[in-house]
Protein chains: 2
Amino acid sequence: MRISAKSEYGVRAMVRLARQFGDGPIPLSQVAAREKISLDFLEQLMLLLRRQGLVHSARGIHGGYLLALPPSTISVGDVMRAVEGPMVNMPCLDRGEGDDPCCTMGIHVAGCATRDVWALLQEKITQTLDGVTLADLCQGQPLLPLHQPALLRELSLLAQ
Amino acid sequence: MRISAKSEYGVRAMVRLARQFGDGPIPLSQVAAREKISLDFLEQLMLLLRRQGLVHSARGIHGGYLLALPPSTISVGDVMRAVEGPMVNMPCLDRGEGDDPCCTMGIHVAGCATRDVWALLQEKITQTLDGVTLADLCQGQPLLPLHQPALLRELSLLAQ
DNA sequence: ACTAAACACGACTAAATCAGTGGGGATTCT
DNA sequence: AGAATCCCCACTGATTTAGTCGTGTTTAGT
Ligand code: SF4
Ligand code: SF4
């Protein structure tokens with residue numbers, strides 16, 4: 001369950017673009033230098049993000065990349081899906097109950113008890129990552145009150 | 001973010017042991033055959049689980065492995081931590097704010113905005129995986145009512 | 001027109017990780 | 001003794017990761 005460099009760099013770069021939202025295209029060379037990311041590698045990531053419609057690009061001497069949407073409407077989950085595909089990579093999750101056997105069990109996926117855990121995990125991860133936007137990361141204040149049970153935190157959010 | 005074979009096999013094997021909790025030691029050869037896992041690979045995993053105190057082993061001709069605790073007290077998170085270390089592998093999460101720089105930023109980790117996302121993600125994943133026990137996976141009924149928002153589900157659990 | 005700065009895109013690669021194998025022990029039951 | 005089982009570690013082939021490189025295209029300024 002490690003977080004790949006693609007995801008980390010992708011999010012870092014997008015946060016950088018979010019901070020300068022409205023300033024026109026930002027050249028990747030600047031982002032790469034400030035975030036200490038390989039320019040060539042970063043270009044590949046931005047290409048994926050552009051194809052997903054999360055950023056726009058401008059070519060030529062004053063070109064660069066810029067967010068296609070306001071920072072508050074782009075989630076970390078959107079970025080990660082764009083740069084590295086499905087958030088949780090467990091093949092059996094992508095198939096319906098009636099599909100072919102896909103795993104080492106060789107059996108119908110409906111017969112697997114542990115599959116439910118991975119489905120639950122995928123749901124929670126997706127919820128979490130889709131619940132944080134680039135705008136959230138631009139502000140200085142902490143993202144979460146740590147050491148507080150999730151239920152309490154969610155209830156307090158509900159009470160607002 | 002893929003789930004490694006270590007984790008999947010580890011959980012599958014532990015569920016198998018949980019189903020036969022109380023029957024004495026189960027030989028790995030049986031578990032491997034029924035779960036279609038390489039015996040040699042599985043042995044490595046069980047060794048790790050034993051060192052974490054999650055299972056006991058018995059050698060000799062009627063030996064095998066058995067859970068060291070009741071299935072309802074062992075969580076999926078416990079199993080995964082035993083077989084593959086920290087649940088979310090992002091080095092900067094394991095260091096305090098005052099530690100050395102550890103990442104490509106080369107800067108103090110406190111200065112990184114995106115780190116908060118990974119911390120939040122780690123917290124959520126840990127909560128989720130620690131909230132499911134082997135006993136939960138042994139029962140036939142579904143683990144989660146899918147397509148239902150998490151908050152509602154948690155509230156309904158609270159109401160019980 | 002020319003040039004420099006930027007994106008576009010695919011091919012290639014060194015290193016790391018993963019998943020599994022193999023081989024030798026040690027222990028216990030019959 | 002002998003068979004089944006756990007114990008432990010070294011090794012390997014395949015895959016993935018995290019880049020690098022090369023070449024081309026577009027645009028702005030001169
Ligand atoms: S064994 Fe179960 S969890 Fe693993 S791939 Fe097959 S259906 Fe999915
Ligand atoms: S850049 Fe931020 S998120 Fe990445 S390793 Fe460093 S502190 Fe952690």
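Each chain gets a letter, A, B and so on, in the order the sequences are listed, and its residues count up from 1.
- Separating the CZ atom of B/F41 from the P atom of C/dA19 is a distance of 6 Å, rounded to the nearest angstrom.
- The phosphate of C/dA19 (OP1 or OP2) has a side-chain N or O of B/R2 nearer than 4.0 angstrom.
- Between B/M46 atom CE and D/dT5 atom C1' the separation is 13 Å, expressed in whole Å.
- For a distance-only test at 3.5 Å, the side chain of B/Q30 fails to qualify as a donor-acceptor partner of the base of D/dT5.
- If A/H62 and B/A58 are placed on DNA chain C by their nearest nucleotide, the residue sitting closer to the 5' end is A/H62.
- For A/R51 and B/S4, each mapped to the nucleotide of DNA chain C holding its nearest heavy atom, the one lying further toward the 5' end belongs to A/R51.
- In this structure, B/L66 places its CG atom 15 Å from P of D/dT5, rounding to the nearest Å.
- Closest contact between the side chain of B/D40 and the listed nucleotides C/dA8, D/dC7, C/dG22 involves C/dG22.
- B/L47 places its CG atom 18 Å from the P atom of C/dG25, with the value rounded to the nearest Å.
- Counting only heavy atoms from C-beta on, A/R50 has its side chain closest to C/dA8 among D/dA10, D/dC6, C/dA8.
- In this structure, B/H56 atom NE2 and C/dT27 atom P are separated by 18 Å, rounded to whole Å.
- We find that CD of B/E43 is positioned 18 Å from P of C/dA19, with the value rounded to whole Å.
- Per the geometry, CG belonging to B/L42 stands 13 Å off P belonging to D/dT5, to the nearest Å.
- Look at CD1 on A/I37: it is 17 Å from P on D/dT17, rounded to the nearest Å.
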Inset, instruction - Take A/V55 and A/M14 through the side chain to side chain contact (heavy atoms under 4.5 Å, CB included) test and state the conclusion after the steps. - result: CA-CA 9 Å; A/V55 295; A/M14 289 295 271; 3.6 Å; yes
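- Of the candidates C/dG25, C/dC7, C/dG10, the closest approach to any side-chain atom of B/R59 belongs to C/dG25.
- B/Q44 contributes a side-chain N or O that forms a donor-acceptor pair with the base of C/dT21 under 3.5 Å.
- A/T128 places a side-chain N or O within 3.5 Å of a backbone atom of A/K124 that can act as its donor or acceptor partner.
- At distances below 3.5 Å, not a single donor-acceptor pair connects side-chain atoms of A/R12 with backbone N or O atoms of B/T114.
- Within the 3.5 Å criterion, the main-chain N or O of A/Q122 finds a donor-acceptor partner in the side chain of A/T126.
- Proximity note for B/I61 (side chain, C-beta onward) versus C/dG25, D/dA4, C/dG20: the nearest is D/dA4.
- Note on B/Y9: a side-chain N or O is less than 4.0 Å away from OP1 or OP2 of C/dG20.
- The A/S57 side chain lies nearest to C/dC7 when the options are C/dC7, D/dG19, D/dC7.
- The main-chain N or O of B/M87 is never found under 3.5 Å from a side-chain atom of B/R81 such that the two would form a donor-acceptor pair.
- Contact annotation: A/S38 does not reach the phosphate of D/dA18 (side-chain N/O to OP1 or OP2, under 4.0 Å).
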